[in-house]
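First up is the structure itself, then whatever we jot down about it.
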Amino acid sequence: MRIATWNVNSVGARLERLLAWLELNQPDVVALQELKCTSEAFPTLAVQALGYEVAALGTGRWNGVALLSRVGLSDVTLGLQDQPQYEGADEPRAIAATCGGVRIWGIYAPNGRETDHDHFAYKLRWFQALRATAAAELAAAPDLPLTIIGDYNIAPTDADVWDIAKFVGSTHVTAQERAELTALQSIGLGEVLPRALKGEPFTFWDYRQASFGRGWGMRIDLVYGNAAFTSLVSDAYVDREERKGKGASDHAPVVIDLDLP
DNA sequence: ATGCCCTATGATATAGGA
């Protein structure tokens with residue numbers, strides 16, 4: 001069984017590349033982030049034609065998450081328990097389903113913007129809600145493989161950005177954000193580290209300043225899972241090739257292969 | 001090294017991305 005996570009930066013703008021990527025890579029389950037469309041506007045028919053069931057949660061211009069599965073899609077959950085609001089709105093940033101015997105959460109964590117911005121406090125509260133939601137599911141079904149995949153908007157270590165000196169005072173690398181990752185480990189989730197390709201482990205390269213060609217990347221698309229999940233992992237890697245060329249997302253997909261049929 | 005921003009919107013500027 002092959003699962004993947006990919007921040008597509010608009011599923012509408014990326015549809016042609018998404019369909020080609022699905023056909024080439026044959027994932028069984030895919031978590032998508034930054035749909036930038038409403039649930040109704042998701043291109044469901046196009047991905048159904050490739051054999052996938054779809055669960056999508058989007059409100060329009062920003063954010064949005066979806067799960068595609070060709071190994072079943074049941075017990076869909078939209079949003080987190082006690083999910084915090086931002087400026088009075090429930091943002092579409094989390095979706096879960098059980099697919100092929102694996103509980104899969106696809107997430108798009110808030111950016112945070114600046115460390116003194118309201119959005120940063122919101123980001124930390126959001127991770128607390130994610131942790132509480134996951135802890136409740138882990139307690140209810142400890143032996144069910146569970147994974148949380150997606151755009152965490154946190155670089156776990158200094159080596160996960162191209163130059164830590166450029167990030168002094170920035171979001172994505174603070175102790176407070178990294179403490180939220182540590183807290184996920186405290187509830188029984190371990191990180192699955194993808195193989196580094198081309199000597200760099202990154203999953204995101206800004207569109208500006210030809211960052212991809214210069215290697216100015218960050219590893220912020222992450223995979224966590226309980227022991228029942230991580231014990232199944234046979235391979236994990238970043239599909240760096242997908243970041244190349246005209247019309248690419250600014251994020252590359254992360255692929256995880258499991259020892260499951 | 002695969003290139004010197006991209007996306008959606010009540011659009012012709014703006015907000016957000018990280």
Side-chain angles (χ1 to χ4, degrees), chain A residues 5-18 20-21 32-43 56-66 85-89 91-93 107-124 126-127 150-178 180-181 197-222 238-252 254:
Chain A
T5 177
W6 189 10
N7 178 324
V8 289
N9 185 22
S10 168
V11 72
R14 216 64 57 209
L15 185 57
E16 195 175 328
R17 281 186 77 132
L18 171 64
W21 190 85
L32 300 175
Q33 301 90 38
E34 278 210 79
L35 304 180
K36 294 187 172 176
C37 68
T38 61
S39 305
E40 296 73 23
F42 188 90
L57 179 64
T59 53
R61 186 172 184 181
W62 291 301
N63 313 311
V65 287
Q85 294 184 321
Y86 185 69
E87 295 184 338
E91 297 185 321
R93 294 183 175 276
I107 64 158
Y108 175 51
N111 172 296
R113 301 183 189 169
E114 308 292 337
T115 56
D116 59 355
H117 197 286
D118 286 346
H119 208 259
F120 188 78
Y122 166 60
K123 182 178 192 175
L124 299 178
W126 189 90
F127 269 100
D151 181 352
Y152 282 64
N153 268 320
I154 300 173
T157 75
D158 290 356
D160 293 316
V161 298
W162 84 94
D163 182 359
I164 191 62
K166 300 283 199 302
F167 287 80
V168 174
S170 296
T171 60
H172 294 64
V173 299
T174 67
Q176 289 159 287
E177 290 162 288
R178 288 174 176 169
E180 296 298 335
L181 299 181
L197 301 176
K198 291 274 188 178
E200 58 181 32
F202 308 134
T203 64
F204 163 85
W205 298 261
D206 199 289
Y207 285 127
R208 291 166 286 193
Q209 299 179 280
S211 297
F212 182 54
R214 292 173 163 177
W216 293 358
M218 305 171 70
R219 190 172 72 87
I220 54 178
D221 299 271
L222 310 178
V238 180
D239 186 2
R240 191 180 176 283
E241 292 297 306
E242 181 54 39
R243 181 60 180 81
K244 295 182 180 179
K246 189 172 177 62
S249 171
D250 44 2
H251 293 250
V254 180

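Just so it is clear, the values below take in all heavy atoms, side chains as well, and ignore hydrogens, waters and symmetry mates. All chains are named by letter (A, B, ...) in the order of the sequence lines, taking the proteins before the strands, and each is independently numbered beginning at 1.
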Distance col, row A:Arg113:CZ vs A:Tyr122:OH, nearest 0.5 angstrom, shows 9.5 Å
Exercise. If you measure from the C1' atom in B:dC6 to the same atom in B:dA11, how many Å do you get, rounded?
Worked result: 15 Å
Q: Give one of base, sugar-phosphate or nothing for A:Asp151, where a contact means two heavy atoms less than 4.0 Å apart.
A: sugar-phosphate
- Item | Distance between C1' atoms of B:dA13 and B:dG3 (Å, rounded) | 27 Å
Taking B:dT7, B:dT2, B:dG3 as options, the one with an atom nearest any side-chain atom of A:Arg14 is B:dT7
When rounded to whole Å, the CZ to P distance for the pair A:Phe42 and B:dA8 reads 14 Å
When rounded to whole Å, the CG to C1' distance for the pair A:Asp221 and B:dG17 reads 13 Å
DNA chain B nearest-nucleotide lookup for A:Tyr86 and A:Cys37: closer to the 5′ end is A:Cys37
Test side chain to side chain donor-acceptor pair (under 3.5 Å), reference A:Asp221, set A:Thr5, A:Thr203, A:Asn7, A:Asn153, output is A:Thr203
(request) Pick the C1' atom in B:dT7 and in B:dT12, then give their distance to the nearest Å. (result) 16 Å
Taken to the nearest whole Å, CZ/A:Phe167 to P/B:dA18 is 12 Å
Worksheet item: Does A:His251 put a side-chain nitrogen or oxygen below 4.0 Å from OP1 or OP2 of B:dA18?
Response: yes
Is any NZ, NE, NH1 or NH2 atom of the basic residue among A:Arg240 and A:Glu200 found under 4.0 Å from an Asp or Glu carboxylate oxygen of the other?
yes
note: A:Lys36, atom NZ; B:dC5, atom P; distance rounded to Å ~ 17 Å
Separation of B:dT7 atom P from A:Gln33 atom CD, nearest Å, is 17 Å
Review point. Under 4.0 Å between a side-chain N/O of A:Ser10 and OP1 or OP2 of B:dA8, yes or no?
Key: yes
Donor-acceptor pair, A:Arg14 side chain versus A:Val8 backbone, under 3.5 Å? yes
From CD of A:Glu114 across to P of B:dG16 the rounded distance in Å is 12 Å
Next item on the list: Please state whether the rings of A:Phe212 and A:Trp205 are parallel, tilted or perpendicular, taking 30° and 60° as the class boundaries.
Entry: perpendicular
Contacts of A:Gly247 and A:Asp250 projected onto DNA chain B by closest heavy atom; the upstream (5') one is A:Gly247
A:Glu16 atom CD is separated from B:dT7 atom C1', nearest whole Å, by 17 Å
Which whole number of Å gives the distance between the P atom of B:dA8 and that of B:dA18? 15 Å
* Asked: Does A:Arg178 come within less than 4.0 Å of A:Asp158, counting only side-chain N to carboxylate O?
  -> yes
Picking from B:dT2, B:dA18, B:dC4, the nucleotide nearest the side-chain atoms of A:Lys244 would be B:dT2
Please measure how far the P atom in B:dA1 lies from the corresponding atom in B:dG16, and state the result in whole Å. 36 Å
Just call it for A:Tyr108: base, sugar-phosphate, or nothing, with non-hydrogen atoms closer than 4.0 Å on any strand.
-> sugar-phosphate
Protein-nucleic acid N or O pairs under 3.5 Å, nucleotides 11-15 of chain B:
residue : atom : partner : partner atom : Å
B:dT14  : O2   : A:Arg61 : NH2          : 3.1

Can a donor-acceptor pair be found between the side chains of A:Trp6 and A:Asp239 at a distance below 3.5 Å?
-> no
Exercise. Backbone N or O of A:Asp250 within a donor-acceptor pair of the A:Tyr207 side chain at under 3.5 Å?
Worked result: yes
key: Spacing of the P atoms in B:dG10 and B:dA15 (rounded, Å)   = 15 Å
*asked:* Ignoring hydrogens and geometry beyond distance, is a side-chain donor-acceptor pair present between A:Asn9 and A:Lys36 at under 3.5 Å?
replied: yes
Could you tell me whether A:Phe167 and A:Trp162 have their ring centroids closer than 6.0 angstrom? yes
Separation between CD (A:Glu114) and CG (A:Asn111), nearest 0.5 Å, reads 8.5 Å
**Phosphate OP1/OP2 of B:dA18 contacted by A:Asn153 side-chain N/O (<4.0 Å)** = yes
Within residues 202-209 of chain A, the residues having a heavy atom closer than 4.0 Å to DNA chain B are A:Phe204, A:Tyr207, A:Arg208, A:Gln209
From CG of A:Asn111 across to P of B:dC6 the rounded distance in Å is 19 Å
